[in-house]
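Please read the structure below before turning to the comments.
By convention in this document, chain letters (A, B, ...) are assigned in the order of the sequence lines, proteins followed by strands, and residues within each chain are numbered from 1. Any value given below was found using the heavy atoms of this structure, including those in side chains, with hydrogens, waters and symmetry copies removed.
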Amino acid sequence: AQSVTQLDSQVPVFEEAPVELRCNYSSSVSVYLFWYVQYPNQGLQLLLKYLSGSTLVKGINGFEAEFNKSQTSFHLRKPSVHISDTAEYFCAVSGNTPLVFGKGTRLSVIA
Amino acid sequence: DTEVTQTPKHLVMGMTNKKSLKCEQHMGHRAMYWYKQKAKKPPELMFVYSYEKLSINESVPSRFSPECPNSSLLNLHLHALQPEDSALYLCASSQVPGPSGNTIYFGEGSWLTVV
């Protein structure tokens, strides 16, 4: 089975500052890793995913994430955030079970 | 077009009512999912349909009854629900079933309130 830990439940950050949302996973098999974003009162939208190959993955809206197998991490980064990035961010893993989500990180961008 | 459409967006029902949530996708996906999401929590898997057959039921109470009439449609029939069943119900689909790197696409969800 797989599991995901998102280390921060809330991350406040000032507009135009960089941000990193942390995600660690646990699995006994090879995994596929995802980041989803959920804006208020909406469904989930895929930001990016890691399947194989290059460990640096670029996604939509200027986000990127780096897969680190030795540290079992898949942290999400953005060099400069906007007010519109305020949302809930979910890290998720799929291996030999259906998609498993972390508890989410609430990113609040402050003007 | 990567769209999963859910209706209704909002539903209020009494504990003795029977209602249904509907989901539709036209991406040719062969796996469809129902998730339940409570406030400030991650989505929790309820059911998975693979090639129109129920493949996973995550021990969901029988007051929730899924149905997949064809490869594009997924319903969730609701009967005798409890107030604690109030939540956002998310439908999703992916190209193929099974744990893999396939992206799961989510709808906007149906907000259910049980009174």
(message) Show me the pairs that pass ring pair (Phe, Tyr, Trp, His ring centres under 6.0 Å) and involve residues 48-75 of chain B, at least two apart or across chains.
(response)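 The answer is B:Phe64-B:Tyr89.
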(message) Between B:Ser110 and B:Leu21 (side chain of the first, backbone of the second, donor and acceptor by atom type, cut-off under 3.5 Å), is there such a pair?
(response)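 No, because the side chain of B:Ser110 does not come within donor-acceptor range (under 3.5 Å) of the backbone of B:Leu21.
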(request) Keeping the roles fixed (side chain from A:Lys78, backbone from A:Asn61), state whether a donor-acceptor pair exists under 3.5 Å. (result)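 A pair under 3.5 Å: yes.
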[X] versus chain A, heavy atoms under 4.5 Å apart: side chain, backbone, both or neither?
X: B:Leu90; answer: side chain
X: B:Tyr33; answer: neither
X: B:Gln6; answer: neither

(message) Let me check something: do A:Leu21 and A:Phe63 share a hydrophobic cluster, defined by ILVMFWY side-chain heavy atoms less than 4.5 Å apart, either directly or through other members?
(response)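 Looking at the clustering, A:Phe63 is in the same group as A:Leu21.
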(request) Tell me whether A:Val4 is reachable from A:Tyr89 by hopping between hydrophobic residues (I, L, V, M, F, W, Y) whose side-chain heavy atoms are closer than 4.5 Å. (result)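 Yes, same cluster.
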(message) If we define contacts as heavy-atom pairs under 4.5 Å, which of B:Gly107, B:Pro43, B:Gly109 has the most with chain A?
(response)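 Of the options given, most contacts go to B:Pro43.
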(request) Mind ranking B:Thr103, B:Leu45, B:Ile56 by heavy-atom pairs under 4.5 Å with chain A and telling me who comes out on top? (result)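 Heavy-atom pairs under 4.5 Å are most numerous for B:Thr103.
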(message) Show, in sequence, the C-alpha distance, side-chain angles and deciding distance for B:Arg30 and B:Glu52, and conclude whether the salt bridge (Lys or Arg N to Asp or Glu O under 4.0 Å) test is met.
(response) CA-CA 7 Å; B:Arg30 303 314 303 271; B:Glu52 299 151 55; 2.9 Å; yes
(message) Could you check whether A:Ser70 and A:Asn68, counting side-chain N and O atoms only, form a donor-acceptor pair closer than 3.5 Å?
(response)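 Looking only at side-chain atoms, A:Ser70 and A:Asn68 do form a donor-acceptor pair, the distance falling under 3.5 Å.
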(message) On a heavy-atom basis, which atom in B:Glu3 and which in B:Thr5 lie closest, and how many Å separate them?
(response)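 Looking at all heavy atoms of both residues, the shortest contact is OE2-OG1, 3.4 Å.
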(request) Identify the residues of residues 72-87 of chain B whose heavy atoms come closer than 4.5 Å to a heavy atom of chain A, ordered by number, or report 'none'. (result)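 Hits under 4.5 Å: none found.
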(request) Can you check whether anything in residues 44-60 of chain A gets within less than 4.5 Å of chain B, heavy-atom wise, and list it by number? (result)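 Hits under 4.5 Å: A:Leu44, A:Leu46, A:Lys49, A:Leu51.
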(request) Classify the angle between the aromatic ring planes of A:Tyr36 and B:Phe106 as parallel (below 30°), tilted (30 to 60°) or perpendicular (above 60°). (result)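 A:Tyr36 vs B:Phe106 ring planes: perpendicular.
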Can you give me every donor-acceptor pair (side chain of residues 101-111 of chain A, partner residue at least two apart or in another chain, under 3.5 Å) with its distance?
unit_1	atom_1	unit_2	atom_2	d
A:Thr105	OG1	A:Gln6	NE2	3.2
A:Thr105	OG1	A:Asp8	O	2.6

